[in-house]
Amino acid sequence: MEYYNYCVNSIKYKTKAIKQLSKLPKNDSKKIVLACSDLANMPNCRNVKALVNQQDEYRLRVGNYRVLFDFDGVVRIIHIEEVKKRDESTY
């Protein structure tokens with residue numbers, strides 16, 4: 001019998017991200033929060049990419065939105081920093 005060590009991370013939202021989510025349409029904010037809950041399995045997540053030249057910063061793609069977050073594999077806490085609609089000034 002094989003045993004798997006599943007990664008479970010704690011997800012915390014910064015005040016700025018909560019304000020940004022509250023300004024979005026309800027359907028979009030629900031999709032984003034649901035996608036963020038999948039980050040508990042980080043680093044085994046889909047639609048996640050490490051940002052270039054930025055330490056411990058990643059982005060999660062959710063439709064036309066990008067969730068910017070920090071991930072420290074040692075502490076196992078994910079801080080959702082910002083939620084932005086994707087455009088030229090997102091990054």
Side-chain angles (χ1 to χ4, degrees):
M1 177 180 268
E2 291 184 42
Y3 292 94
Y4 296 98
N5 184 11
Y6 289 101
C7 300
V8 178
N9 300 300
S10 176
I11 300 171
K12 300 186 182 217
Y13 289 83
K14 298 281 184 166
T15 304
K16 184 175 185 176
I18 292 170
K19 286 181 183 179
Q20 290 169 331
L21 279 170
S22 69
K23 293 178 182 179
L24 298 178
K26 289 243 184 226
N27 290 341
D28 291 338
S29 63
K30 285 181 183 180
K31 288 178 189 176
I32 292 168
V33 170
L34 182 61
C36 288
S37 69
D38 290 339
L39 293 175
N41 298 317
M42 186 72 181
N44 302 320
C45 297
R46 294 177 23 197
N47 297 322
V48 171
K49 186 175 187 179
L51 297 177
V52 179
N53 297 327
Q54 297 188 24
Q55 185 178 6
D56 296 329
E57 287 216 15
Y58 296 84
R59 69 103 175 112
L60 169 65
R61 187 178 67 211
V62 184
N64 288 330
Y65 294 94
R66 300 299 180 263
V67 178
L68 305 176
F69 65 95
D70 288 335
F71 172 63
D72 180 358
V74 177
V75 180
R76 308 209 69 70
I77 296 176
I78 295 173
H79 289 281
I80 307 297
E81 302 286 338
E82 294 185 67
V83 177
K84 294 183 172 183
K85 186 161 182 133
R86 188 190 181 285
D87 60 14
E88 297 82 33
S89 65
T90 301
Y91 306 106

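Because the structure is predicted, anything quoted here is derived from the model rather than measured.
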Which distance, rounded to the nearest 0.5 Å, do you find between the CG of N64 and the CZ of R66?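 N64 atom CG to R66 atom CZ measures 7.0 Å (nearest 0.5 Å).
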
Any chance you could measure E81, atom CD, to L68, atom CG, to the nearest 0.5 Å?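 Atom-to-atom, E81:CD and L68:CG are 8.0 Å apart.
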
Enumerate, atom names and distances included, each donor-acceptor pair closer than 3.5 Å involving a side-chain atom of residues 22-40, sequence neighbours excluded.
from: S22; atom 1: OG; to: K19; atom 2: O; distance (Å): 2.7
from: D28; atom 1: OD2; to: Y65; atom 2: OH; distance (Å): 3.2
from: S29; atom 1: OG; to: K26; atom 2: O; distance (Å): 3.0
from: S37; atom 1: OG; to: L34; atom 2: O; distance (Å): 2.5

With the side chain counted from C-beta on, respond yes when F69 and V48 share a heavy-atom pair under 4.5 Å apart, and no when they do not.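 Contact flag for F69/V48 side chains = yes.
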
Can any side-chain N or O of R59 pair as donor or acceptor with the backbone N or O of N47 at less than 3.5 Å?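 Looks like yes, one N/O pair under 3.5 Å.
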
Test of understanding: with side chain to side chain contact (heavy atoms under 4.5 Å, CB included), list the residues that count as partners of K16, not counting sequence neighbours.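 Side chain to side chain contact (heavy atoms under 4.5 Å, CB included) check on K16 returns Q20, E82.
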
Applying side chain to side chain contact (heavy atoms under 4.5 Å, CB included) to I80 and L21, what does each step give before you reach the verdict? CA-CA 11 Å; I80 307 297; L21 279 170; 5.9 Å; no

